[in-house]
Enquirer: 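Got a structure for you, written out below as structure tokens; questions coming shortly.
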Amino acid sequence: MPGASGAALLCELAADGSRLGEPALAADFAEAVARYSGPGTDSVRWVWSSGAEHYPALLRAGVRVSRCHDVALTERLLLARDGQAAEPDLAGRPAPVRPGMISQGVLFDSAGAEPPDPKEALGALLAVHAEQLRRIADDEHPAKFAALVAAESAGELAAAEMSFAGMPWRADLHDQLLAEMLGPRPPGAGLRPARLTELTAQISAALGGRPVNPDSPSQLVRALAAAGVRVPSTRFSVLHEIDHPAIAPLLEYKELARLHAAHGWAWLDTWVCDGRFRPDYVVGGVVSGRWATRGGGALQIPRVLRRAVVADPGWVLVVADAAQLEPRVLAALAGDRAFTQAAAGGDLYEGLATGFGGDRNQAKKALLSAMYGGAGGEAGQLLAVLRRRFPAASGYVEMAARAGEEGRVVRSVLGRTCPPPSAAWRAITEEAADSEAERDPGAGRASRARGRFTRNFVVQASAADWALVLLAALRRRLAALPGPGGLPAWRWDPQAPHLVFFQHDEVLVHCPEPMAEAVVAAVSEAAAEAGRALFGATQVRFPMTTAVVGCYADAK
DNA sequence: GGTCGGGGCGCG
DNA sequence: AAAGCGCGCCCCGACC
């Protein structure tokens with residue numbers, strides 16, 4: 001850590017969170033962590049206010065930790081469980097922060113604003129931590145909730161390490177791809193690439209010659225109407241049905257303009273440095289427990305740009321994604337026998353298809369409708385089939401939907417809890433009405449919308465639980481592989497395999513080519529471990545599709 | 001000059 | 001009658 005601010009106040013704790021001995025001042029936190037990391041210290045778990053705040057500096061000092069309890073992330077899980085989900089009040093003020101939380105911790109930084117007394121800050125942190133352990137033990141399912149806390153905390157470690165390592169990214173290939181599609185890089189920042197200018201001219205010409213800004217949906221709707229084409233919107237699904245000379249250049253424009261705006265040269269300049277893209281992950285940033293990222297659109301990288309993700313010379317990428325994760329999770333959650341049978345094989349939808357006259361596509365559509373709350377078109381009929389053939393699975397999501405419609409909360413398999421309904425939702429849905437006819441139609445709409453949310457939450461959040469446990473298990477197994485440099489596990493080893501990307505149900509490991517086989521094995525062991533951690537002895541399998549490639553685009 | 005909601009679309 | 005979940009990000013255009 002830079003300068004004089006790398007000091008830390010440390011205190012050993014017992015398993016119940018009580019102090020063992022007096023706090024000790026360490027002049028160099030990284031060195032202190034290293035001291036606690038020798039052989040026989042596998043069970044050490046660092047308790048700190050926030051890994052996001054403290055771990056990157058350790059990594060820069062070449063030190064990694066294997067386990068931690070992240071007080072900030074844990075507090076958020078507990079608050080959500082106890083129905084205290086943050087909701088901005090009418091004045092837009094942020095939710096209150098509990099004393100001793102978040103900003104104060106094991107570490108103090110003399111460079112910052114007037115620091116709190118370190119001993120007091122440490123005392124507050126320890127008190128919150130001990131209280132968290134009690135609250136976890138009080139959970140309806142303490143072991144599962146503790147597993148969730150451990151996985152969330154490990155996720156923060158993995159996130160910091162992935163940002164530190166960075167995803168290999170060839171700026172030269174990215175630039176080449178952009179040039180092929182858009183024309184050469186424009187000389188100035190605000191200038192449009194040649195191809196977009198050409199397409200804009202073609203669109204305007206096809207619509208009668210008056211200039212039209214293809215980025216403006218309202219201008220497009222008007223210009224199309226003037227040309228005799230009436231459209232309710234300008235989205236792709238609407239436009240691509242239409243037969244008109246303006247449509248082809250317009251659709252091409254939309255695709256390219258988006259690429260240019262979201263992941264074009266400006267993105268490259270901002271986000272890729274020294275051959276690495278370093279996303280800023282927000283662990284648990286989505287209510288379902290999925291991660292988000294801050295800037296960089298790391299979880300929306302267009303598939304075409306995977307060409308630019310290339311392993312270093314002598315290295316490979318192990319690309320692993322969970323096959324049909326959400327339906328498998330539903331099968332295990334519901335314990336549906338027939339469904340579980342289908343999920344015991346390789347292709348889940350194929351296994352379900354017998355229930356739908358052998359039509360795999362129909363089976364898939366029915367399942368997605370059940371998980372998302374779709375009801376329109378043929379979905380209704382397919383859902384009826386699903387209900388008959390797989391009663392426990394559809395019953396499970398129907399129950400979740402009903403809970404949501406009634407304003408209750410639902411939980412993932414490890415106990416992540418969805419937010420309670422907003423005050424506005426309650427006001428709309430609880431409005432008294434003398435008869436169904438007088439009821440505000442908005443009430444039914446809001447109620448059903450929340451039902452779709454909770455219906456999906458139980459599946460999406462449980463799938464996120466699974467992926468998080470997978471990530472934590474894989475991280476641990478990778479660290480245990482004998483590294484080529486022979487460094488101990490507590491040292492960050494740039495020569496060893498490491499996670500570089502995580503996207504909901506997919507992970508990338510960058511590793512020396514000779515170690516690829518060991519990494520692939522670690523992935524499948526981690527997947528099996530995640531299945532056991534969530535569901536015990538279920539028959540449902542959670543297979544990973546794994547590819548060892550030089551370039552991300554060559555996976556699957 | 002800024003903020004903010006909507007349209008649209010990338011990813012899962 | 002409404003009409004499939006979760007995000008982040010871009011641009012536009014209305015508004016202050």
Enquirer: Contact class for F457(A) (heavy atom, under 4.0 Å): base, sugar-phosphate, or nothing?
Expert: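 No contact.
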Enquirer: Quote, to the nearest angstrom, the P distance that separates dA3(C) from dG6(B).
Expert: 15 Å
Enquirer: Using a heavy-atom distance cut-off of less than 4.0 Å, which residues of residues 396-417 of chain A contact DNA chain C?
Expert: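 DNA chain C contact set from residues 396-417 of chain A: none.
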Enquirer: Give L325(A) one of three labels, base, sugar-phosphate or nothing, depending on what nucleic acid heavy atoms sit under 4.0 Å from its own.
Expert: nothing
Enquirer: Please check if any side-chain donor atom of D336(A) sits under 3.5 Å from a side-chain acceptor atom of Y396(A), or the reverse.
Expert: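 Side chains of D336(A) and Y396(A): no pair found under 3.5 Å.
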Enquirer: Please work out which residues in residues 522-532 of chain A have a non-hydrogen atom less than 4.0 Å from an atom of DNA chain C and list them by number.
Expert: none
Enquirer: Restricting to salt bridge (charged side-chain N to carboxylate O under 4.0 Å, His left out), what partner residues turn up for K365(A), sequence neighbours left out?
Expert: E378(A)
Enquirer: Produce a footprint string for nucleotides 4-11 of chain C: one letter per nucleotide, 5' end first; B if the base is under 4.0 Å from any protein heavy atom, S if only the sugar-phosphate is, - if neither.
Expert: BBBSBSSS
Enquirer: H174(A) pairs by ring pair (Phe, Tyr, Trp, His ring centres under 6.0 Å) with which of F277(A), W271(A), W265(A), W267(A)?
Expert: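 So the option named by the test is W267(A).
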Enquirer: Over all strands shown, is R450(A) touching base, sugar-phosphate only, or nothing at heavy-atom distances under 4.0 angstrom?
Expert: nothing
Enquirer: Where do R475(A) and L157(A) land on the side chain to side chain contact (heavy atoms under 4.5 Å, CB included) test, with the steps shown first?
Expert: CA-CA 9 Å; R475(A) 174 179 177 272; L157(A) 299 178; 3.7 Å; yes
Enquirer: Output one line per pair: protein atom, nucleotide atom from nucleotides 1-7 of chain B, and distance, for all N/O pairs under 3.5 Å.
Expert:
none

Enquirer: Can you list every salt bridge (charged side-chain N to carboxylate O under 4.0 Å, His left out) pair that touches residues 441-459 of chain A, not counting sequence neighbours?
Expert: E398(A)-R455(A)
Enquirer: Please pick, from dC11(B), dC9(B), dA3(C), the nucleotide with the shortest atom-to-atom distance to any side-chain atom of R445(A).
Expert: dA3(C)
